[in-house]
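Counting starts at 1 for both ligands and their atoms, following the listed order. Hydrogens, waters and symmetry mates play no part in the numbers below; they use all other heavy atoms, side chains included.
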Amino acid sequence: MSLNNTVACPLDCYDACEAIYKDDKCKPSSDHIITNGKLCVKFAHLLNEQNLQSAQYEKNDLSLEESLVLLKDKLEQTDPSKVLYYKGSGNLGIMQSAPKVFFDKYGATFTKGGLCDEIGAAGLEQGRGHLVNPPLQNLLNSDVIIVWGRNFSITSPHMYELVKDKTFITIDPIVTDIAKKSEIHLQITPKTDHELALLLTRFAYMDDMDDEESQEAYASGADWFFDLAKSRPLVSYEATIGVHLSQIVKMVDLIKNKKIAIMTGLGVQKYNEGSQIMRAVDSFAAYIGVHNKDAGGLWYLDDSTYGYENQFKINPKKRVAIPNVDFGSFDVVFIQGANPVVSAPNTQRIIDGLKNSFVVYFGTTYNDTCEYANLIIPSTPFLEKNDVRLSYGHEHKAISYKVKEAQENTICEYDFANHFLNAFNHEPLKPQAEIFEYYKNTQPSYSPIESFEFIEELEIDALYEQKKEDEFYLITSKQKNSLNSQFKIDNCAYVHPSSGYKDGDEVTLSTSYGQADFTMRINEDIKEECVLIHAGAKQGNYLTPHTSDEEAYSAIYQEVIVSIELS
Ligand SMILES: Nc1nc2c(c(=O)[nH]1)N[C@H]1C(S)=C(S)[C@@H](COP(=O)(O)OP(=O)(O)OC[C@H]3O[C@@H](n4cnc5c(=O)[nH]c(N)nc54)[C@H](O)[C@@H]3O)O[C@H]1N2
Ligand SMILES: Nc1nc2c(c(=O)[nH]1)N[C@H]1C(S)=C(S)[C@@H](COP(=O)(O)OP(=O)(O)OC[C@H]3O[C@@H](n4cnc5c(=O)[nH]c(N)nc54)[C@H](O)[C@@H]3O)O[C@H]1N2
Ligand SMILES: [Mo]
């Protein structure tokens, strides 16, 4: 065991904190700039998790060794292309990628796209080639922070803590925690952020805020983008976006001549044309010259491995899009660190598919998906394995040393990969210490945006044109005390008092994809005509589409209209 005693929070979160392990306890690190001497409630929940103690086959305990033999036999008997490798984001340490190398060499089918940020990432990459957040120092140097489709203080509480005294503007259909702390809150109609970006561009132009100098330095197509912004009468935006022009004037006043940070999140992109929407937001940012300065910039969930050489390179022959993967069409489904029964879209379809396949679950806890697993292999919990945690929110990494002996009957992802590489006569991975040291010691330098192309046309079907008066937009976003489907889950549906429902009403929600029962909660913070169901709610994804967006093979959780009936 190493004398080094830092551990990295493995949870899927912008913050990626570091703790010090001492006397059987985790204390927050004060040296890690993001953690800054505090840990959050989700980390505390993680430490209290009931981890899997034993492998299981058809709900009966067996030894780890027996479970690995069983899996080997099963893989030998199956046509590799009929084996699906499905990885979630239960742990974001880099060692989680080790099993990919085995499944690639074996010839399994992989997934493509994602359930998270991939749509927005595609939009940003189209405009600027790569996806790298500005340095954290730029955020600290900014004057005004525009929080755009992100629940900043809840989903990245540590990053928020570092800048909480700045001036905030929030763009969100919900009166979020950060909206309450903001100078201005634009309570926008869902899926109209591209329209808002165009409207802001118009006002910025009128206020001489277009930054021609920086546009010339690295961008092309600003004129086309401005033409797009001009193509509609100003007042027509009020009705569709649901925001008064006076608020836009106020916002433009507040950001003029200021160093602006734009913190974008998943909210703008959970739609079929989410990549276009995100690119429109980024184009507004480029128009007013937010990029490539030493203060401010635009942040999203970035490619945290940018600048590193991938130590787990793969080249799968076949991939299937993750939102509409049909588990039932595979003979074996291997699920690692994911809980698709709650987190993936169209729950009924997921369950039907899992029932028709041999399901192997490789994870740390017994989750909803384990109910449908034929074989469960316990993964070693994070305190018992070496790892490096990169962040998609900022450039600071966290190092995780093995601080406890691994529990018997568990196996870590690296050892799992090598075990099967060996069993199938493939070359082993590089030594784990070498991979660990590489990620620990490599520090890619910041890559600014080299060239930027403004979005020049937008083809987006509005949800407001499809929604009937008595129907609702679906908002599904994160909750404070849970991490996706893990920990403390709130299963209710929230609506505005104007909906006419009463607190505690039992209702059935339906969409063209499915239906489910909920208890209603009435809350002034919800925009009228919206229904909020948190990520991780057991029933939420019975309502969501199992179709991919137009660009990134990724899930479009909010591309639905909801009907509500008292049950
Ligand atoms: N506490 C907690 N923290 C987390 C997580 C968690 O589960 N719990 N999950 C982690 C993960 S996996 C991720 S990917 C990140 C995501 O973190 P965020 O990017 O903050 O994502 P969400 O919470 O899904 O939604 C962001 C906001 O978008 C708003 N929104 C919805 N629709 C629209 C729209 O059309 N336009 C605009 N402008 N806003 C809209 C929602 O009301 C919500 O406030 O958080 C990470 N951090
Ligand atoms: N309705 C709706 N659905 C959503 C979202 C939403 O906003 N709304 N958000 C989406 C987003 S952004 C994301 S990222 C996905 C997340 O979806 P998933 O990736 O499926 O994540 P979780 O549901 O948190 O399940 C993670 C599981 O990982 C396991 N695990 C934890 N640590 C380890 C480990 O060290 N090793 C292994 N092998 N397993 C481990 C735990 O058993 C846990 O149950 O959900 C998506 N689903
Ligand atoms: Mo995510």
Side-chain angles (χ1 to χ4, degrees), residues 10-15 40-42 46 49 51-52 86-93 95-96 99 114-117 120 147-157 170-179 186-193 196 263-271 274 277 281 300-301 335-345 347 361-370 377-382 385 387 392-393 412-413 416 463 473-487 526-527 530 532-537 540-541 543-544 555 557-558:
L11 295 175
D12 184 348
C13 166
Y14 296 92
D15 289 346
C40 77
V41 61
K42 299 177 298 291
L46 176 66
E49 280 284 85
N51 291 315
L52 286 164
Y86 181 105
K87 180 181 166 303
S89 55
N91 176 321
L92 284 196
M95 295 296 172
Q96 288 291 314
L115 304 178
C116 178
D117 62 322
V147 178
W148 200 327
R150 172 160 166 177
N151 199 352
F152 188 45
S153 56
I154 299 293
T155 57
S156 40
T170 293
I171 302 168
D172 200 302
I174 308 293
V175 189
T176 53
D177 199 45
I178 189 68
L186 306 184
Q187 201 173 7
I188 187 176
T189 305
K191 205 188 176 186
T192 61
D193 297 276
L196 176 63
M263 306 307 281
T264 64
L266 297 192
V268 298
Q269 55 100 62
K270 297 182 183 189
Y271 305 106
I277 300 176
V281 171
Y300 182 57
L301 294 84
I335 298 174
Q336 175 191 330
N339 190 10
V341 165
V342 173
S343 287
T347 305
Y361 182 72
F362 180 37
T364 46
T365 57
Y366 191 92
N367 66 21
D368 311 76
T369 303
C370 292
I377 302 177
S379 154
T380 309
F382 79 107
K385 53 195 179 193
D387 215 333
Y392 52 74
C412 72
E413 288 71 15
F416 175 94
L463 277 177
Y473 301 101
L474 175 66
I475 303 289
T476 168
S477 52
K478 311 300 180 190
Q479 37 189 325
K480 186 169 182 188
N481 296 326
S482 71
L483 205 291
N484 297 320
S485 72
Q486 305 181 73
F487 318 135
I526 313 300
K527 189 176 171 74
C530 291
L532 167 69
I533 302 169
H534 285 124
N541 279 325
L543 305 173
T544 53
Y557 290 102
Q558 293 186 181

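- For ligand 2 and Asn91, the ligand atoms under 4.0 Å from any heavy atom of the residue are 32 (N), 33 (C), 34 (C), 35 (O).
- The nearest heavy-atom contact from the protein to atom 10 (C) of ligand 1 is Asp12 O, 2.9 Å.
- Distance from atom 22 (P) of ligand 2 to its nearest protein heavy atom, with residue and atom name: Ser485 OG, 3.5 Å.
- Regarding atom 45 (O) of ligand 1, its nearest protein heavy-atom neighbour is Thr155 CB, 3.4 Å.
- Close approach of ligand 2 to Gln336 is summarised as follows: ligand atoms under 4.0 Å from at least one heavy atom of the residue are 38 (N).
- By the 4.0 Å heavy-atom criterion, Lys385 is counted among the residues contacting ligand 2.
- Considering only non-hydrogen protein atoms, atom 47 (N) of ligand 2 sits nearest to Ser343 O, 2.7 Å.
- At a 4.0 Å heavy-atom cut-off, ligand 1 touches Leu483 through backbone and side chain alike.
- Using a 4.5 Å cut-off on side-chain heavy atoms (C-beta onward), Tyr473 and Leu463 make contact.
- Considering only non-hydrogen atoms, atom 29 (C) of ligand 2 lies nearest to Tyr361 out of Tyr361, Phe362, Tyr86.
- With hydrogens left out, the protein atom closest to atom 30 (N) of ligand 2 is Thr364 OG1, 3.2 Å, a heavy atom.
- Of the listed residues (Gly337, Ser89, Gly363, Pro345), the one carrying the non-hydrogen atom nearest atom 19 (O) of ligand 2 is Ser89.
- Atoms of ligand 2 lying under 4.0 Å from at least one heavy atom of Asn541, given by number and element, are 1 (N), 2 (C), 3 (N).
- Side-chain contact between Asn367 and Tyr361 is present, with at least one heavy-atom pair separated by less than 4.5 Å.
- Contacts between Thr176 and ligand 1 below 4.0 angstrom, taking non-hydrogen atoms only, involve the side chain exclusively.
- Of all non-hydrogen atoms in Ser153 and Ile178, the two that sit nearest each other are OG-N, 3.7 Å.
- Contact of the Thr189 side chain with the Lys527 side chain is registered, since non-hydrogen atoms from C-beta on lie closer than 4.5 Å.
- With a 4.0 Å heavy-atom cut-off, ligand 1 is reached by the backbone of Arg150 and by its side chain too.
- Contact annotation: for Ser379 versus ligand 2, heavy atoms closer than 4.0 Å belong to the side chain alone.
- Here the heavy atom of the protein found nearest to atom 6 (C) of ligand 2 is Ala535 CB, 3.5 Å.
- Across every non-hydrogen atom of Ile526 and Cys530, the tightest pair is CG2-O, 3.6 Å.
- Between the side chain of Lys87 and the backbone N or O of Pro99, no donor-acceptor pair lies under 3.5 Å.
- Minimum heavy-atom separation, Val342 to Ser485: CG1-CB, 3.7 Å.
- Residue Gln96 places a heavy atom less than 4.0 Å from ligand 2.
- The N/O atoms of Asn367, backbone and side chain alike, include one that comes under 3.5 Å of an N/O atom in ligand 2.
- A donor atom on one side chain and an acceptor atom on the other are found under 3.5 Å apart for Glu413 and Ser379.
- The single protein non-hydrogen atom nearest to atom 46 (C) of ligand 2 is Tyr557 OH, 3.3 Å, given as residue, atom name and distance.
- Taking all heavy atoms of Pro381, Gly90, Pro99, Cys370 into account, the minimum distance to atom 26 (C) of ligand 2 is reached by Gly90.
- What sits closest to atom 42 (O) of ligand 1 on the protein, heavy atoms only, is Asp172 OD1, 2.7 Å.
- With contacts defined as side-chain heavy-atom distances shorter than 4.5 Å, the pair Gln486/Lys42 does not qualify.
- Ligand-side atoms of ligand 1 in range of Lys191: 35 (O), range being under 4.0 angstrom from any heavy atom.
- Close contacts between ligand 2 and Gly88 involve ligand atoms 19 (O) [criterion: under 4.0 Å to a heavy atom].
- From the protein, the heavy atom lying nearest to atom 38 (N) of ligand 1 is Asp193 OD1, 2.7 Å.
- The protein atom (non-hydrogen) at minimum distance from atom 41 (C) of ligand 2 is Thr365 OG1, 3.4 Å.
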Could you walk me through whether Asn484 and Ser343 pass the side-chain hydrogen bond (donor to acceptor under 3.5 Å, both in side chains) test, one step at a time?
-> CA-CA 7 Å; Asn484 297 320; Ser343 287; 5.7 Å; no
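- Protein heavy atom at the shortest distance from atom 20 (O) of ligand 2 is Asn339 N, 2.8 Å.
- Applying the 4.0 Å criterion to heavy atoms of Gly149 picks out, from ligand 1, the atoms 26 (C), 27 (C), 28 (O), 37 (C), 38 (N), 39 (N).
- On a distance-only criterion, Ile171 and ligand 1 share at least one N/O pair closer than 3.5 Å.
- Close contacts of ligand 1 with Lys42, meaning ligand atoms under 4.0 Å from a residue heavy atom, involve 1 (N), 2 (C), 3 (N).
- Nearest protein heavy-atom neighbour of atom 2 (C) of ligand 2: Thr476 OG1, 3.3 Å.
- For the pair Ile174/Ser477, no side-chain contact is recorded, criterion being any heavy-atom separation below 4.5 Å from C-beta on.
- The side chain of Cys116, and not its backbone, has at least one atom closer than 4.0 Å to an atom of ligand 1 (non-hydrogen atoms only; side chain from C-beta on).
- Counting only heavy atoms from C-beta outward, the side chains of Tyr14 and Thr155 approach each other to under 4.5 Å.
- In the vicinity of Glu413, heavy-atom distances shorter than 4.0 Å reach the ligand 2 atoms 34 (C), 36 (N), 37 (C), 38 (N).
- When only interatomic distances are considered, the shortest N/O to N/O separation between Lys270 and ligand 1 falls below 3.5 Å.
- Of all protein heavy atoms, the one closest to atom 1 (N) of ligand 1 is Gln479 O, 2.9 Å.
- The protein atom (non-hydrogen) at minimum distance from atom 35 (O) of ligand 1 is Tyr271 OH, 2.8 Å.
- If you look at Leu301 next to ligand 1, the close heavy atoms, those under 4.0 Å, all belong to the side chain.
- At the shortest separation from atom 8 (N) of ligand 1 among protein heavy atoms lies Ser482 O, 2.6 Å.
- Counting heavy atoms from C-beta outward, Ile475 and Tyr557 have side chains that stay 4.5 Å or more apart.
- In this structure, Ser89 and Asp12 approach most closely via the heavy-atom pair OG-OD2, 2.8 Å.
- Shortest contact from atom 32 (N) of ligand 1 to any protein heavy atom: Gln558 NE2, 3.0 Å.
- The option from Gln187, Gln486, Lys478 that lies nearest to atom 16 (C) of ligand 1, judged by heavy atoms, is Lys478.
- Closest heavy-atom approach to atom 11 (C) of ligand 1 among the candidates Tyr14, Tyr392, Phe487: Tyr392.
- With a 4.0 Å heavy-atom cut-off, ligand 1 is reached by the backbone of Lys480 but not by any atom from C-beta on.
- Remark: ligand 2 atoms within the under-4.0 Å shell around heavy atoms of Leu266 are 12 (S).
- On a distance-only criterion, Pro190 and ligand 1 share no N/O pair closer than 3.5 Å.
- Considering every non-hydrogen atom in both Tyr86 and Ala338, the closest pair reads CE2-CB, 3.7 Å.
- The shortest distance between side-chain heavy atoms of Leu266 and Asp117 falls below 4.5 Å.
- At a heavy-atom cutoff of 4.0 Å, ligand 1 is contacted by the side chain of Ile475 but not by its backbone.
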